[in-house]
Participant: 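Attaching a single structure in structure tokens format; questions to follow.
The figures here come from the full heavy-atom set of this structure, side chains too, leaving out hydrogens, waters and symmetry mates. Ligands are counted one by one from 1 in listed order, and the atoms in each one are counted from 1 as well.
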Amino acid sequence: MSAQRRSLHHKDALYSPYTRKTSRKPKLEHVDRPLFDSDQTFAPFIDCSSSHLPHTKSIRADGLGHTQRLLFKNIKIGANEISTLLDKAVLDLLPIDHFSSPLTLSSEAIEFRSTNSSRGVGAFSVCPIPSATLIHVEYPVTVVQNTLVLLDLSSSEVYRELFRRVPQRLLPALMSLCNSQPASSKLDPEEAILRTNAIGISLPLPKSFGADSTGHNAVFLQASRFNHSCAPNATARFDPESFTLTVHALRPIKKGEELFISYIDLTSPSMATRDTRRAELLHLYHFSCCCAICSLSDVSESDTRRLRINQTSQSDIFAPFSAWYSNPNRTRQGLDSVMTFYLKATNDMAKEGLVYRFRYYLHLILLAGCYAAIKDTRNFRSWLGKARDVANSSYLASKEAEKLFHYIMNPTTFPAWGRAT
Ligand SMILES: C[S@@+](CC[C@H](N)C(=O)[O-])C[C@H]1O[C@@H](n2cnc3c(N)ncnc32)[C@H](O)[C@@H]1O
């Protein structure tokens, strides 16, 4: 779920639109000779149904301006085995040797069950979940470079091979994942399941890949069951270091609430209205969104708020505070209107359930900055605490959250402290 060339670490949408590119289609070629290190075993791509499957084998895909060398490789982390098809250079960057201590996975805060709606199965909380809680950790069952979406002819063979390498005991659960592809697409079940359930993940890429590089798609036996909402209450992030997907709460979640992530880039101005979001989800995932926002009988206020939010650039966000801060004749009254600006914006975002966005984070920091300027410790801590929750739960490095914690503990170290007095 998320191949929009977006990094999960920097943006908020998680599912990859598993788009099939029509231009620059690479050719997949069978390679029947070793391309790389002598210690790897290679076999002709087609001849792989024997019980003596080679540990790795390679195929080539021409695309992205250069020939890519993709390897089928099962990555083992403790008892977990992940069937992957990755570029050799990407595999080389993975800290595979450090994967020796598998994480203990447990998701006691949620259960997966029927939503009793057109959404099928979904994830539900079994207890109240505070904001920023780590809800779920999971290893993928398959990972594939999404360049393959560029392929037409042999893609079904590639997906079949990828699934054939999945440990037998996991196959029933994998094959029972949701398939939303229209029957008319006549996709093999493996490809249909991958297209319906893949989550876009970012893996470290070699510099030679350039900015135009595509990402990767991973299927998870449980996390792929999270449904989409245009006002998500959870966010997923893939950590290449541990090779796990983590899901965090974006706000307090009540017992029994369904957990939703976002499959699309809600930050894009083109995704501000219900009509465009529904069209995008229909096009990419073949469903009509029935989330709380899209189900509103009158969505015009929401559309207007989202347009306002999505059209505000980062420099627009900094501008009011910067202008006040850099003015030698700044006044307390001037600061009041700056605060009103940030309060209104955060309120808009909260109403739309867009509280996990980087822009929301910036608003929180700047609002905290206003309270720091007037030495209002209580409000400063409250707004910076919300920013810390965002930092903890999404795209920001934990160092950022640590820094905020330091300011919360000692507000006087915050740069704008007391500047209004
Ligand atoms: C990755 S699966 C999610 C798990 C799925 N509900 C299941 O039963 O396994 C994606 C599919 O769930 C359904 N779905 C997810 N979010 C939805 C939403 N907001 N509105 C309607 N259907 C949704 C669609 O059928 C979509 O193709």
Participant: So between Phe112, Phe260, Phe220, Phe287, whose heavy atom ends up nearest atom 21 (C) of ligand 1?
Facilitator: Phe287
Participant: N/O of Ser180 under 3.5 Å from N/O of ligand 1, yes or no?
Facilitator: yes
Participant: Is Asn347 reaching over with its side chain to a backbone N or O of Lys344, donor-acceptor style, under 3.5 angstrom?
Facilitator: no
Participant: Which atoms from ligand 1 have a heavy atom of Thr196 less than 4.0 Å away?
Facilitator: 1 (C), 27 (O)
Participant: Is Tyr263 touching ligand 1 with its side chain, its backbone, both, or neither, if touching means heavy atoms under 4.0 Å apart?
Facilitator: side chain
Participant: Does the separation of the ring centres of Phe112 and Phe124 fall below 6.0 angstrom?
Facilitator: no
Participant: By number and element, which atoms of ligand 1 are closer than 4.0 Å to a non-hydrogen atom of Gly120?
Facilitator: 8 (O)
Participant: Answer with yes or no whether Leu177 contacts ligand 1, where contact means a heavy atom under 4.0 Å from a ligand atom.
Facilitator: no
Participant: For Asn197 and ligand 1, does the shortest N/O to N/O distance drop below 3.5 Å?
Facilitator: no
Participant: Which of the listed options, Val121, Val219, Asn227, holds the heavy atom that is closest to atom 3 (C) of ligand 1?
Facilitator: Asn227
Participant: Judged by atom type as modelled, is there a donor-acceptor pair below 3.5 Å linking the side chain of Arg359 to the main-chain atoms of Asn310?
Facilitator: yes
Participant: With backbone taken as N, CA, C and O and side chain as the heavy atoms from C-beta onward, which portion of Ser229 lies under 4.0 Å from ligand 1: side chain, backbone, both, or neither?
Facilitator: neither
Participant: Determine whether the side chain, the backbone, both or neither of Tyr285 has a heavy atom under 4.0 Å from any heavy atom of ligand 1.
Facilitator: backbone
Participant: Salt bridge or not between Arg119 and Glu258? Use side-chain N to carboxylate O under 4.0 Å.
Facilitator: yes
Participant: Answer yes when Arg277 and Glu280 have at least one side-chain N-carboxylate O distance shorter than 4.0 Å, and no when they do not.
Facilitator: no
Participant: So if I apply the side chain to side chain contact (heavy atoms under 4.5 Å, CB included) rule between Trp383 and each of Asp376, Leu366, Ile365, Leu364, which one comes out positive?
Facilitator: Leu364
Participant: With only distance considered, is Cys290 within less than 3.5 Å of ligand 1 through an N or O on each side?
Facilitator: yes
Participant: Might you point out which heavy atoms bring Pro204 and Pro240 nearest each other, and give the distance in Å?
Facilitator: CD-CB, 3.7 Å
Participant: Sequence neighbours left out, what passes side-chain hydrogen bond (donor to acceptor under 3.5 Å, both in side chains) with Glu241? Give chain and number order.
Facilitator: none
Participant: Quick one: does Cys289 get an N or O within less than 3.5 Å of an N or O on ligand 1?
Facilitator: no
Participant: Run the numbers on Leu362 and Tyr342 for side-chain contact (heavy atoms from CB on, under 4.5 Å), then give the verdict.
Facilitator: CA-CA 9 Å; Leu362 288 182; Tyr342 293 123; over 6 Å; no
Participant: Identify, by atom number and element, the atoms of ligand 1 in contact range of Phe226, meaning under 4.0 Å from any of its heavy atoms.
Facilitator: 3 (C)
Participant: Please report whether ligand 1 has a polar contact with Ser224, defined as an N or O pair separated by less than 3.5 Å (distance criterion only).
Facilitator: no
Participant: Test Glu138 against every option in Thr246, Leu221, Asn80 by the side chain to side chain contact (heavy atoms under 4.5 Å, CB included) rule and name the one that passes.
Facilitator: Leu221
Participant: Nearest heavy atom to atom 11 (C) of ligand 1: which of Gly122, Ser288, Cys178, Cys291 does it belong to?
Facilitator: Cys178
Participant: Quick check: Arg119 and ligand 1, any N/O pair under 3.5 Å apart?
Facilitator: yes
